[in-house]
Participant: 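Before anything else, here's the structure in question.
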Amino acid sequence: MKERAFNLFSFNAPAWSLFWEYVASIIYAIVLYRVSRRYLSVLIVIAAATLCLVSYRAGNLLGGWSGPTFWDGGARIAYSFLAGLFIYRASWILKNSLGFIGLAILLILAFLTPFTKWNWLAEPIIVLFYFPLLIAVGAGATLSSRLKKLCEFLGKLSYPLYMTHYGVMWIFGNYLASHKPDPLHLSLIVVMGTIFLGGFAYLVRLVYDEPIRRYLARRWH
């Protein structure tokens with residue numbers, strides 16, 4: 001659909017990553033759960049090389065959501081899934097006392113990486129090395145009980161938010177283009193929209209996400 005930037009999933013574009021997660025899960029159930037760490041390492045090297053090739057060709061790692069970049073999404077999920085599986089099996093947990101604030105700062109540094117002509121190189125470096133390091137450090141971080149509960153709450157909220165925010169983003173974008181609100185009104189819209197999206201995601205989690213997870217867990221066992 002031209003009106004939706006030719007997204008693979010026009011009504012909810014983020015579903016492109018869910019599609020590849022389904023593919024990865026099926027491959028794991030059929031093959032990867034039997035693969036040893038040694039062969040898993042070989043697959044990770046191949047996936048990393050493919051990811052670098054995709055980044056060099058496209059100039060970044062933003063693809064996967066549209067028809068022309070369909071296979072870019074496969075490369076992105078391949079390395080991420082395999083690297084996460086390897087970290088889990090190898091128990092790469094780096095004990096530390098950085099806490100929530102320290103880890104948040106490290107993550108924000110990745111988000112603040114400037115967009116330049118060198119993104120084809122910078123983005124693979126961050127994805128291949130920095131993000132796995134953050135996972136290992138995050139797994140070994142110590143938190144107070146209060147912060148731990150907050151992190152668990154936000155973690156459970158993150159996926160429903162990811163899968164429900166896109167429609168509102170289109171509404172916001174169309175409103176921004178047609179009405180061109182002043183900074184004050186724009187700030188109010190962003191704040192209220194963020195609160196609304198968080199509340200809606202929490203509702204989706206309670207009435208849809210968690211009940212289905214519990215049902216599938218009972219069926220599986």
Side-chain angles (χ1 to χ4, degrees), residues 4-93 106-107 110-111 113 115 119-139 154-167 169 201 204-205 209 212-213 216 220:
R4 287 297 177 262
F6 298 104
N7 286 306
L8 287 169
F9 296 86
S10 300
F11 294 112
N12 196 23
W16 75 264
S17 62
L18 179 61
F19 165 80
W20 282 112
E21 287 171 22
Y22 278 137
V23 173
S25 297
I26 292 170
I27 294 174
Y28 172 79
I30 297 173
V31 179
L32 290 179
Y33 83 96
R34 300 179 180 178
V35 174
S36 66
R37 265 200 288 169
R38 190 165 108 189
Y39 290 109
L40 188 59
S41 301
V42 175
L43 292 176
I44 290 175
V45 171
I46 296 172
T50 304
L51 195 69
C52 290
L53 180 63
V54 165
S55 185
Y56 178 75
R57 186 198 65 197
N60 55 59
L61 290 175
L62 298 177
W65 50 270
S66 65
T69 66
F70 175 76
W71 291 108
D72 294 10
R76 290 175 65 180
I77 199 67
Y79 177 79
S80 300
F81 191 89
L82 292 170
L85 183 59
F86 186 88
I87 290 172
Y88 173 76
R89 287 186 179 176
S91 298
W92 278 4
I93 298 176
L106 290 177
L107 185 58
F111 294 157
T113 303
F115 190 86
N119 269 57
W120 67 271
L121 179 60
E123 291 182 15
I125 290 175
I126 292 172
V127 172
L128 296 180
F129 304 106
Y130 190 64
F131 283 159
L133 176 63
L134 283 185
I135 295 297
V137 172
L154 293 177
K156 291 178 180 178
L157 186 67
S158 64
Y159 200 76
L161 180 60
Y162 176 64
M163 292 308 296
T164 58
H165 78 281
Y166 196 76
M169 193 178 81
V204 170
R205 172 192 154 193
D209 188 31
I212 287 182
R213 289 177 187 272
L216 292 175
W220 179 262

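Model, not experiment: these values are computed from the prediction.
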Participant: Considering residues, nucleotides and ligands other than Tyr159, do more than 12 of their heavy atoms fall under 6.0 Å from its OH?
Facilitator: yes

Participant: Go through the steps for Ile126 and Phe131 under the test side-chain contact (heavy atoms from CB on, under 4.5 Å), then give the verdict.
Facilitator: CA-CA 6 Å; Ile126 292 172; Phe131 283 159; 3.7 Å; yes

Participant: Is it the case that the side chain of Tyr79 and the backbone of Leu128 share a donor-acceptor pair, with hydrogens and angles ignored and the cut-off at 3.5 Å?
Facilitator: yes

Participant: With a 6.0 Å cut-off (strictly less than), is the heavy-atom count around CZ of Arg34, excluding the residue itself, greater than 12?
Facilitator: no

Participant: Looking only at non-hydrogen atoms, find the nearest pair between Trp65 and Ala5 and report the distance.
Facilitator: CZ3-O, 3.2 Å

Participant: side-chain contact (heavy atoms from CB on, under 4.5 Å), that's the test. Do Leu18 and Tyr22 meet it? Break it down for me.
Facilitator: CA-CA 6 Å; Leu18 179 61; Tyr22 278 137; 3.8 Å; yes

Participant: What's the shortest heavy-atom distance between Tyr130 and Ala110, and which atoms?
Facilitator: CE2-CB, 3.9 Å

Participant: Please work out which of the three classes, parallel, tilted or perpendicular, describes the rings of Phe81 and Tyr28, given edges at 30° and 60°.
Facilitator: perpendicular

Participant: So, the side chain of Asn12 versus the backbone of Met163: is there a donor-acceptor pair under 3.5 Å, distance only?
Facilitator: yes

Participant: OH/Tyr166 to OG/Ser10 distance, rounded to the nearest 0.5 angstrom?
Facilitator: 9.0 Å

Participant: Starting at CD of Glu123, measure out to CG of Leu62 and round the result to the nearest 0.5 Å.
Facilitator: 5.5 Å

Participant: Begin with the C-alpha distance, continue with both residues' side-chain angles, and end with the deciding distance and a verdict on side-chain contact (heavy atoms from CB on, under 4.5 Å) for Val23 and Ile77.
Facilitator: CA-CA 9 Å; Val23 173; Ile77 199 67; over 6 Å; no

Participant: So which atom in Ala58 and which in Asp72 form the shortest heavy-atom distance, rounded to 0.1 Å?
Facilitator: CB-OD2, 4.3 Å

Participant: Distance from Trp120 atom CH2 to Ile125 atom CD1, nearest 0.5 Å?
Facilitator: 8.5 Å

Participant: Pair Leu43, Leu32 - check side-chain contact (heavy atoms from CB on, under 4.5 Å), show working.
Facilitator: CA-CA 10 Å; Leu43 292 176; Leu32 290 179; 3.8 Å; yes

Participant: What's the spacing between Ser66 OG and Phe9 CZ if we round to 0.5 Å?
Facilitator: 12.0 Å

Participant: Are Phe70 and Trp16 an aromatic pair by the rule of ring centers under 6.0 Å?
Facilitator: no

Participant: Quick check for you: to the nearest 0.5 Å, what is the distance between Cys52 atom SG and Tyr56 atom OH?
Facilitator: 12.5 Å

Participant: Taking CZ in Arg213 as the centre, count heavy atoms belonging to other residues, nucleotides or ligands within less than 6.0 Å. Is the count above 12?
Facilitator: no

Participant: Identify whether the distance between the nearest side-chain nitrogen and carboxylate oxygen of Lys156 and Asp209 falls below 4.0 Å.
Facilitator: no

Participant: Which atom names give the shortest non-hydrogen contact between Gly64 and Leu8, and what distance separates them?
Facilitator: O-CD1, 3.5 Å

Participant: Can you measure from CD1 (Ile46) to CG (Leu82) and round to the nearest 0.5 angstrom?
Facilitator: 9.5 Å

Participant: Would a distance-only check, ignoring hydrogens and angles, find a side-chain to backbone donor-acceptor pair under 3.5 Å from Ser55 to Leu51?
Facilitator: no

Participant: Work out which heavy atom in Arg205 is nearest to a heavy atom in Pro160; give both atom names and the distance.
Facilitator: CB-CG, 3.9 Å

Participant: Which heavy-atom pair separates Tyr162 from Ser17 by the least distance, and what is that distance?
Facilitator: OH-OG, 2.6 Å

